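From a predicted model like this one, the values you see are computed outputs, not experimental measurements. Just so you know, residue 1 is the first one in the sequence shown, and it goes up from there.
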Amino acid sequence: MAPDKSLAAEIEAVTERERTRLIAWLERYALASGSRIDREITADALMADFMAPLIAEAETLRSDVSSLQNDCANEIAARRAELDRHATEIAAFQSREGLIAFACEIIGYAFDGMDADGADIQALALTHGLLIKESYDPKRHGPSMEAEPGDDWYTLAGPLALAEQEKGDA
């Protein structure tokens with residue numbers, strides 16, 4: 001992670017001001033008899049001794065922040081997955097009513113002495129949200145001997161899709 005350039009410039013300016021103040025202090029109190037170069041070397045050494053632990057602490061903090069960011073990203077991903085799972089379960093529960101209505105109508109055919117053919121069953125399943133009509137796409141739906149790209153294609157939906165998904169996961 002690249003540091004902010006304005007922050008780096010500000011830190012450098014503060015460091016240079018502190019170095020200048022330290023040189024002046026050394027001149028006044030500690031090394032008044034030494035040369036300017038001696039004072040600058042002493043100031044640089046003192047600044048290095050002062051800055052080294054701060055730099056190490058900053059690096060540790062940066063590492064800690066990075067670790068916390070990763071932890072948060074992982075937690076967010078886990079919670080999203082959990083929410084997605086709950087959304088699927090809620091949708092399946094809500095569409096359970098569609099499954100019940102579908103079953104009642106199919107049984108009603110038998111009670112009325114009628115036969116339900118494939119078209120009737122497909123129409124009822126569409127009506128009750130157990131099938132979805134899509135355009136056939138061989139890349140998505142796999143090869144078909146009967147369908148051409150763009151033809152109507154029926155896919156399981158609601159609790160039937162969930163049951164199909166669970167079979168695939170097992």
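Rounding to the nearest 0.5 Å places CE of Met114 at 8.0 Å from CG of Asp120. In this structure, CG in Asp151 is found 11.5 Å from NZ in Lys133, a value given to the nearest 0.5 Å. Leu126 CG to Gln122 CD: the interatomic distance, rounded to the nearest 0.5 Å, is 6.0 Å. For the atom pair CG of Leu99 and SG of Cys104, the computed distance is 9.5 Å after rounding to the nearest 0.5 Å.
Under a hydrophobic-cluster definition in which Ile, Leu, Val, Met, Phe, Trp and Tyr are linked whenever side-chain heavy atoms come within less than 4.5 Å, directly or via other members, Leu68 and Ile76 are assigned to different clusters. Residues Trp153 and Leu130 do not share a hydrophobic cluster, clusters being chains of Ile/Leu/Val/Met/Phe/Trp/Tyr side chains in contact below 4.5 Å. Transitive grouping of hydrophobic side chains (ILVMFWY, heavy atoms separated by less than 4.5 Å) brings Tyr154 and Ile106 into a common cluster.
The shortest distance between side-chain heavy atoms of Thr155 and Leu131 does not fall below 4.5 Å. Two residues are said to be in side-chain contact when any heavy atoms from C-beta on lie closer than 4.5 Å; Ile121 and Phe102 meet this criterion.
Between Glu148 and Tyr136, the side chains place no donor N or O within less than 3.5 Å of an acceptor N or O (distance only, hydrogens not considered). Looking only at atom types and distance, the side chain of His128 has no donor-acceptor partner in the side chain of Glu97 under 3.5 Å away.
Ionic pairing of Glu82 and Arg79 is not present here: no N-O contact between side-chain nitrogen and carboxylate oxygen is shorter than 4.0 angstrom.
Partner Pro149 forms a side chain to side chain contact (heavy atoms under 4.5 Å, CB included) with one of Pro138, Ser135, Ser144 and no other, that one being Pro138.
Counting only distance, with no hydrogens or angles, the side chain of Ser63 and the backbone of Glu59 share no donor-acceptor pair below 3.5 Å. A donor-acceptor contact shorter than 3.5 Å is absent between the side chain of Asn70 and the backbone of Ser67.
Taking a 6.0 Å sphere around CG of Asp115, one finds it holds 12 or fewer heavy atoms contributed by other residues, nucleotides or ligands.
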